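Here the structure comes first, spelled out in structure tokens, and everything after it is commentary.
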Number of protein chains: 2
Amino acid sequence: MKRPELSVAVDLVVFTVRAHTLEVLLVRRGIQPYRGQWALPGGFVTTQESLEAAARRELAEETGLKGVYIEQLYTWGEPKRDPRGRVVTVAYLALVPAARARVKAGSDAAHAAFQPARQPPRLAFDHAVIVARAVERLGTKAEYSTLPLHLLKEPFTLSEVQEVYEVLLGRDLDKRNFRRKILALDALEETDVMRRDGAHRPARTFRLSASRPYLLKERGILFPF
Amino acid sequence: MKRPELSVAVDLVVFTVRAHTLEVLLVRRGIQPYRGQWALPGGFVTTQESLEAAARRELAEETGLKGVYIEQLYTWGEPKRDPRGRVVTVAYLALVPAARARVKAGSDAAHAAFQPARQPPRLAFDHAVIVARAVERLGTKAEYSTLPLHLLKEPFTLSEVQEVYEVLLGRDLDKRNFRRKILALDALEETDVMRRDGAHRPARTFRLSASRPYLLKERGILFPF
DNA sequence: TCGATATAGTGTCTATTCTACACGAACTGC
DNA sequence: GCAGTTCGTGTAGAATAGACACTATATCGA
């Protein structure tokens, strides 16, 4: 059994929801190949770090963010996917609240930006495929889990929760039905701060109830509805 | 950006359902480390083949099977998971009908065998974790998809279908409700051959209807029930 | 050949869940 | 204090889930 050595990379699909749009973090490549094109942030895995650690490191380098939600998405390893040679890439999906979704200070404005995830610009390598799969995965998880809550900064209002679900699912939801269902999951707890912004009635705010995980496989499935 | 070179392997979790038990294919390691211990079949990815091709090659080497259902499960890459050095492994999940689940002729009997997947023997490396995750994934997919049909050889009876679902879900299902639901998916079509085995009424048999994919995300969710 | 035995195949009723739908409440700003 | 805006709430009809038991059809052996 021989052991050919390959390069292993991690790529990050960092999502946020802003202005009723699902956005993904892209960086402009400074080197060949695909120099000047948009691509996912990422980099090679060093010998001593775990895959997830490598992903978090890259995320911190681009955005300065730590402790956000991250999960492994899929691994791509077609022999020709990188013209430089054989590179296997492990893609990770990360969710950041819009309020925290800033490109790291020090990067010039053109270097990195959040852009529409469903109609991204032309991307380097097979990154368009990776983004498409991540979008699909997120949509699927919105159907049965509270994962989308990671796109919000606590405390949040139920209208904000509904907005992220609508964006991920790509359709409008009935307000009363949505609120009934999301509260029935018993995953949210009311805070005592009210959100007042604008000339209208203030909204109650919520945070995750301490006893609940984000993903609910148990009954209490969110959808269909 | 430096490019450390790592070894990339594929490991296979090959499932079958036999005698109301979920079984997984294991091989006895002939070399160090973990020599003599049970492990998942697998091997290193060569420079010219894709990851899935490597997985299919390993599967064929152990079982002689081609064209079975296979999907990528997850990628493990902790720095210390293999004492020989840094090995990133991409695990694949494969489903084979019991009628085809044979270890390749030429392997000695002790070399490879299907064994209970939920209480496997002590496994090499982190393979127990991999098996556990595969079992969980299969159970989850049984809740909303027709993926378990890959565990059956066509044509099959509805009782056989129910059996695999029961094994994957770990609970008994009501016969009438199950048949109503599975048929409502419109994923099965009746054949004209009857299954007669034993001293009782023969059963209709079915195959997958040509127009249907195995996985159904659309409504018509199978469970809860 | 007839009875015992084993699995196949089928329908209904009740409880729960889904879905559609509209208006008063509470605040700001002019 | 009025206009404008978002917040917050209940119900009724439709669809789906879930519990439940008996007849049909074959084989086998007495």
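Remember, it's a predicted structure, so these values are computed and weren't measured experimentally. Throughout, a chain's letter reflects where its sequence line sits, starting with A, and its residues are numbered from 1.
- Rounded to whole Å, the distance from CG on B/L188 to P on C/dG9 is 13 Å.
- One side chain, B/T75 or A/T75, offers a donor N or O that lies under 3.5 Å from an acceptor on the other.
- Phosphate proximity of C/dG9 to B/K175: absent, as no side-chain N or O sits under 4.0 Å from OP1 or OP2.
- Between the base of D/dA17 and the side chain of B/N177 there is no donor-acceptor pair shorter than 3.5 Å.
- Geometrically, A/R207 does not engage A/F156 in a cation-pi contact, judged by NZ or CZ lying under 6.0 Å from the ring centre and within 45° of the ring axis.
- At least one side-chain nitrogen or oxygen of A/R179 sits closer than 4.0 Å to the OP1 or OP2 atom of D/dG8.
- If you measure from atom CZ of A/R180 to atom P of C/dC18, you get 9 Å, rounded to the nearest angstrom.
- For the pair B/S159 and C/dT7, the criterion of a side-chain N or O lying under 4.0 Å from OP1 or OP2 is not met.
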Name every donor-acceptor pair, under 3.5 Å, that has one atom in a side chain of residues 113-125 of chain B and the other anywhere in the protein, sequence neighbours excluded.
residue	atom	partner	partner atom	Å
B/R118	NH1	B/V167	O	3.2
B/R118	NH2	B/V167	O	3.3
B/R118	NH2	B/L168	O	3.1

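- Partner of B/L40 under the side-chain contact (heavy atoms from CB on, under 4.5 Å) criterion, out of B/V10, B/I130, B/L25, B/L12: B/I130 alone.
- Heavy-atom distances under 4.0 Å link DNA chain D to B/G198, B/A199, B/H200, B/R201, B/P202 of residues 197-205 of chain B, given in residue order.
- Relative to the six-membered ring of A/Y74, A/R133 meets both conditions, a distance below 6.0 Å and an angle of at most 45° to the axis.
- The CG-P distance, from A/L173 to C/dA20, rounds to 11 Å in whole Å.
- Closest approach of B/L158 and B/F206 over heavy atoms only: CG-CE1, 3.5 Å.
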